[in-house]
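Here is the structure we will look at.
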Amino acid sequence: MSRHANTVAVVTGAGHGIGRAIAQRLASEGAAIAVAEINEHWGGETVERLRSAGATAHFVRTDITEFGSIQDGFAEAAAALGPITLLVNNAAFTDAGNLAGISLEAWHKEIDVNLNGTYHCIRAILPGMRERGGGAIVNISSVNALRYFGNPSYSAAKAGIINLTQSVASEFGRDGIRCNAICPGSVRTDNITWTIRQQKDPRVFQKLARWYPLGRVGEPEDIAKAVAFLGSDEAAYITGAVLPVDGGLTAGMNVMIDEFILESRND
Ligand SMILES: NC(=O)c1ccc[n+]([C@@H]2O[C@H](COP(=O)([O-])OP(=O)(O)OC[C@H]3O[C@@H](n4cnc5c(N)ncnc54)[C@H](O)[C@@H]3O)[C@@H](O)[C@H]2O)c1
């Protein structure tokens with residue numbers, strides 16, 4: 001597959017989980033990948049995997065909370081791989097929690113990494129994309145942006161990403177820049193939150209599956225496939241879109257219907 005043969009992509013947080021799967025998917029479709037990651041070990045591992053699969057990849061150590069680090073990292077990536085045509089804002093952090101218990105510091109940190117970090121990357125990429133007449137940006141938001149599923153600081157940041165997506169799409173469409181957001185549901189990764197939840201209950205993903213109309217939680221590749229589409233020319237007329245990739249979670253409330261309203265299928 002060579003849908004991304006002319007793509008130079010920066011994927012933030014590509015050292016782990018969904019970001020690594022996005023990098024691998026884009027690379028498998030021909031893209032050159034800049035792995036923009038705060039964790040050097042994880043980032044280096046992704047680069048090794050991409051290269052051993054025959055792809056072109058370059059690691060840039062970046063902390064998305066530091067605008068200068070992003071500017072330097074993106075400049076290094078462009079020098080190594082060529083002008084960046086696709087930015088995937090995937091890096092994120094959450095410590096979970098609720099409004100009653102969250103500290104002021106924790107609230108600020110989650111807004112800073114998840115919302116301000118995404119803004120920093122967009123701010124750094126826009127001038128070059130505008131100069132060259134276009135590019136694509138895919139922001140990884142969450143179903144938490146659309147409904148309350150706990151974790152309010154992370155959710156507020158992810159909701160902010162949706163409005164930011166629409167702002168970029170509206171202001172820079174005439175520059176040939178498309179910007180879309182993806183809202184994943186629960187995705188089977190070993191990030192900190194899921195690791196803690198799995199330690200408490202090793203069957204957490206099986207139990208969650210009943211909430212999903214498609215009967216399972218997501219896999220990182222489910223998100224990667226949607227990114228590869230939105231980042232490609234096949235999505236040339238799509239911008240400002242907010243795409244849930246959530247197995248139907250936000251479409252309805254199957255469990256409530258099954259247990260309380262009793263009007264669902266009887267099988
Ligand atoms: N896993 C899920 O169930 C799920 C659900 C909805 C949305 N998402 C979103 O998908 C994306 C990936 O999630 P994941 O589960 O793979 O997470 P993860 O924690 O496994 O990976 C996040 C990556 O971002 C990197 N990172 C963190 N802070 C950074 C910083 N300041 N600068 C640069 N890199 C940084 C981490 O080192 C890590 O490699 C995130 O945006 C997350 O919010 C995940």
Side-chain angles (χ1 to χ4, degrees), residues 10-25 34-47 49 59-70 72-74 77 87-96 108-121 124 138-147 149-151 153-162 164-165 181-198 204-205 208-209 211-212 216-224 226-227 242-247 249-250:
V10 171
V11 184
T12 68
H16 206 242
I18 295 170
R20 177 175 282 172
I22 292 168
Q24 288 175 318
R25 175 76 196 197
V35 173
E37 177 48 75
I38 198 168
N39 184 311
E40 290 184 33
H41 176 69
W42 288 351
E45 229 174 55
T46 299
V47 167
R49 287 187 194 202
F59 172 70
V60 277
R61 193 197 171 277
T62 37
D63 176 353
I64 60 168
T65 64
E66 302 283 340
F67 184 61
S69 152
I70 298 295
D72 294 348
F74 286 9
L87 166 65
V88 184
N89 280 310
N90 164 83
F93 168 80
T94 184
D95 215 358
H108 284 164
K109 179 169 179 188
E110 299 218 6
I111 299 293
D112 201 30
V113 177
N114 299 312
L115 179 57
N116 296 339
T118 299
Y119 171 66
H120 288 157
C121 295
V138 181
N139 296 323
I140 306 300
S141 178
S142 169
V143 291
N144 285 57
L146 307 174
R147 304 276 187 282
F149 291 109
N151 206 356
S153 50
Y154 170 83
S155 306
K158 291 294 190 179
I161 287 175
I162 289 182
L164 178 59
T165 300
I182 288 173
C183 294
S186 310
V187 180
R188 190 194 307 272
T189 63
D190 56 354
N191 69 21
I192 296 167
T193 313
W194 286 123
T195 300
I196 293 168
R197 288 176 185 155
Q198 274 196 294
V204 63
F205 289 121
L208 270 170
W211 293 88
Y212 284 80
R216 65 172 176 87
V217 299
E219 301 295 333
E221 292 71 25
D222 291 315
I223 312 308
V227 171
V242 179
L243 178 66
V245 181
D246 68 350
L249 180 70
T250 51

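As the structure lists them, so they are numbered: ligands from 1, and atoms in each ligand from 1. Nothing fancy with the numbering, it's 1 onward along the sequence.
Below 30°, between 30° and 60°, or above 60°: for F67 and H120 the angle between ring planes is between 30° and 60°, a tilted geometry.
Of the charged side-chain nitrogens involved, at least one lies within less than 4.0 Å of a carboxylate oxygen, so that D222 and R216 count as a salt-bridged pair.
Residues passing the ring pair (Phe, Tyr, Trp, His ring centres under 6.0 Å) test with F93, sequence neighbours excluded: none.
The closest side-chain donor-acceptor pair between T165 and N139 falls under 3.5 angstrom. At a cut-off of 3.5 Å, with distance as the only test, a side-chain donor of T65 or D63 sits close to an acceptor on the other residue.
Between P184 and S141, the closest heavy-atom pair is CD-O, 3.2 Å.
Each of G13, H16, G17, I18, E37, I38, W42, T62, D63, I64, N90, A91, A92, I140, S141, S142, Y154, K158, P184, G185, S186, V187, T189, N191, W194 has a non-hydrogen atom positioned under 4.0 Å from some atom of ligand 1.
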